[in-house]
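Worksheet for the structure shown next.
Here, residue 1 is the first one in the sequence, and each next residue gets the next number.
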Amino acid sequence: MRGISLAKIAAVTLVIGLLSYLAYNGIVLFNNPAKGQALTLGAEHIRQGLDLKGGVYIVYQPDTDKEITPEQMTSAKEVIRKRLDNKALFDANVTVDSTNNRLIVEIPGETNAQKAVQDIGKTAKLQFKDSDGNTIIEGNDIIDAGYEKNENRAGWKVTLKFSSKAAGKFAEATGRVSQLPDDKNRIGIYLDEAMISNPSVDGRIDGGSAEITGDFTVESAKELASLIRSGALPFSLKPVQVEGIGPILGQQALDISIKAGMIAFALVCIYMLAWYRLPGVIANIALAGYIAVTIIILSGVQVALTLPGIAGIILSVGMAVDANIIIFERVKEELRSGKTLRGAVEIGFKRAFTTIVDANITTMIVGALLFFFGTGPIQGFAVTLMLGVALSFLSAITLTRYMLVQAMGLGLRQPWLYGNKGGAVNNA
């Protein structure tokens with residue numbers, strides 16, 4: 001029995017050690033230079049935000065003298081957001097300055113400002129194509145695109161209105177496409193050569209208008225309508241301000257933040273070891289695993305790490321320790337009341353569970369609100385905080401508990417090992 005418990009503890013410690021090694025040294029899981037694709041994990045491969053690494057700051061303005069509507073500015077924003085997403089620049093920030101009708105784009109880590117201007121600021125190209133790739137109509141043939149509740153089925157639908165010139169072309173094309181087999185009777189909608197929708201055609205559509213139905217939510221219908229409108233924008237975007245931003249804080253601030261985090265981790269480990277003894281050792285091992293997994297995930301999802309994001313990680317380390325402290329204090333209370341060691345551990349985890357869940361849920365709610373209503377560094381803080389809370393919860397409830405149970409299997413029952421100064425630890 002003791003041999004099995006020792007082997008399990010050794011296996012868990014070995015896995016955590018391996019994860020820590022990978023987090024520090026990095027690993028390439030997938031690399032395809034021909035396609036410019038790679039997936040590398042580790043601390044060195046975490047994207048850094050504007051405040052740490054710099055990037056590009058671009059301001060776009062509509063190149064027209066006509067009045068611009070808020071809907072048109074929103075559509076232009078969606079186009080730029082789509083282009084950034086296609087380049088895996090999910091951490092870039094796009095905002096609308098409604099007062100001056102401008103779009104502000106911030107791209108962390110980008111070094112070629114002019115290339116960024118050309119890639120994301122070009123006029124949107126919208127095309128409706130049949131299954132053979134033949135263009136039926138283009139963006140300037142669309143008068144309007146909207147979304148509304150679908151009266152005939154659950155969900156929402158996207159509505160289209162064509163120019164008089166395009167109405168005939170669309171009617172002819174839908175009549176022809178609807179007669180094709182099921183794998184061919186579709187008209188794809190492409191924005192910048194990327195397909196954004198591929199609806200099937202049931203019959204000829206006359207009248208200069210059409211509807212796209214399907215399993216749309218209000219959000220997805222709104223997004224598709226906005227993207228289609230963007231292909232019919234009556235203006236192009238011109239850059240009025242282009243700047244390469246140097247890191248506001250830079251490498252020195254990053255090094256100081258990492259050093260502060262390492263000192264905090266060391267002090268926490270010393271405290272846990274001194275006050276909780278054996279459970280403290282287990283908590284420290286689990287905490288090391290938690291930090292390693294956090295680094296690996298952040299490098300994998302390529303979220304730009306900002307200084308507030310580092311603060312979120314350090315804060316979540318404190319929350320992970322806090323969960324362990326709540327559990328261990330409960331265990332000590334049960335031991336002092338005369339419970340057996342195994343019983344004290346089971347009851348301690350059970351009674352602490354509700355408290356930990358409540359604390360984590362409230363923190364996750366705050367993090368979610370910061371993410372959805374914040375921008376840039378605030379979103380980075382929210383992401384690292386929510387990720388840290390989720391991982392710290394799993395670490396405290398599952399990993400710490402598993403290792404503590406295995407430690408009991410080794411026959412380690414001396415009172416001082418559990419920080420229990422008074423009384424004794426009964427046999428399980």
query = Are Ile285 and Ile9 close enough that some pair of their side-chain heavy atoms sits under 4.5 Å apart?
reply = no
According to the interplanar angle, ranging from 0 to 90°, do the rings of Phe170 and Phe128 count as parallel (below 30°), tilted (30 to 60°) or perpendicular (above 60°)?
perpendicular
*Can you check whether Glu148 reaches Lys157 side chain to side chain, under 4.5 Å on heavy atoms?*
yes
Heavy-atom closest pair (Ala145 atom, Leu160 atom, distance to 0.1 Å) is CB-CD2, 3.9 Å
Next item on the list: Please examine the side chains of Ile327 and Thr400, heavy atoms only from C-beta on, and report whether any two atoms are closer than 4.5 Å.
Entry: no
Sequence neighbours excluded, the answer for salt bridge (Lys or Arg N to Asp or Glu O under 4.0 Å) partners of Glu172 is Arg176
Within a strict 4.5 Å, meaning less than it, do heavy atoms of the Phe381 and Leu315 side chains meet?
yes
Applied to residues 380-409, the salt bridge (charged side-chain N to carboxylate O under 4.0 Å, His left out) test, sequence neighbours excluded, yields Glu346-Arg401
Exercise. Val366 and Leu385: side-chain contact (heavy atoms from CB on, under 4.5 Å), yes or no, with the steps?
Worked result: CA-CA 10 Å; Val366 172; Leu385 179 62; 5.6 Å; no
Contact check, side chains of Ser337 and Glu334, non-hydrogen atoms, under 4.5 Å:
yes
When every non-hydrogen atom of Ile196 is compared with those of Leu191, the smallest separation belongs to CG2-CB, 4.0 Å
| request: Find out whether Ile325 and Tyr271 are in side-chain contact, i.e. whether some heavy atom of one side chain is under 4.5 Å from a heavy atom of the other. | output: yes
Leu394 vs Leu399 side-chain heavy atoms within contact, under 4.5 Å: no
(request) Evaluate whether atom CG of Asp215 has more than 12 neighbouring non-hydrogen atoms of other residues, nucleotides or ligands under 6.0 angstrom away. (result) no
Assess the residue pair Ile80 and Tyr60 against the criterion (side-chain contact (heavy atoms from CB on, under 4.5 Å)); give the C-alpha distance rounded to whole Å, side-chain angles, the decisive distance to 0.1 Å, and a yes or no. CA-CA 11 Å; Ile80 292 180; Tyr60 288 103; 4.1 Å; yes
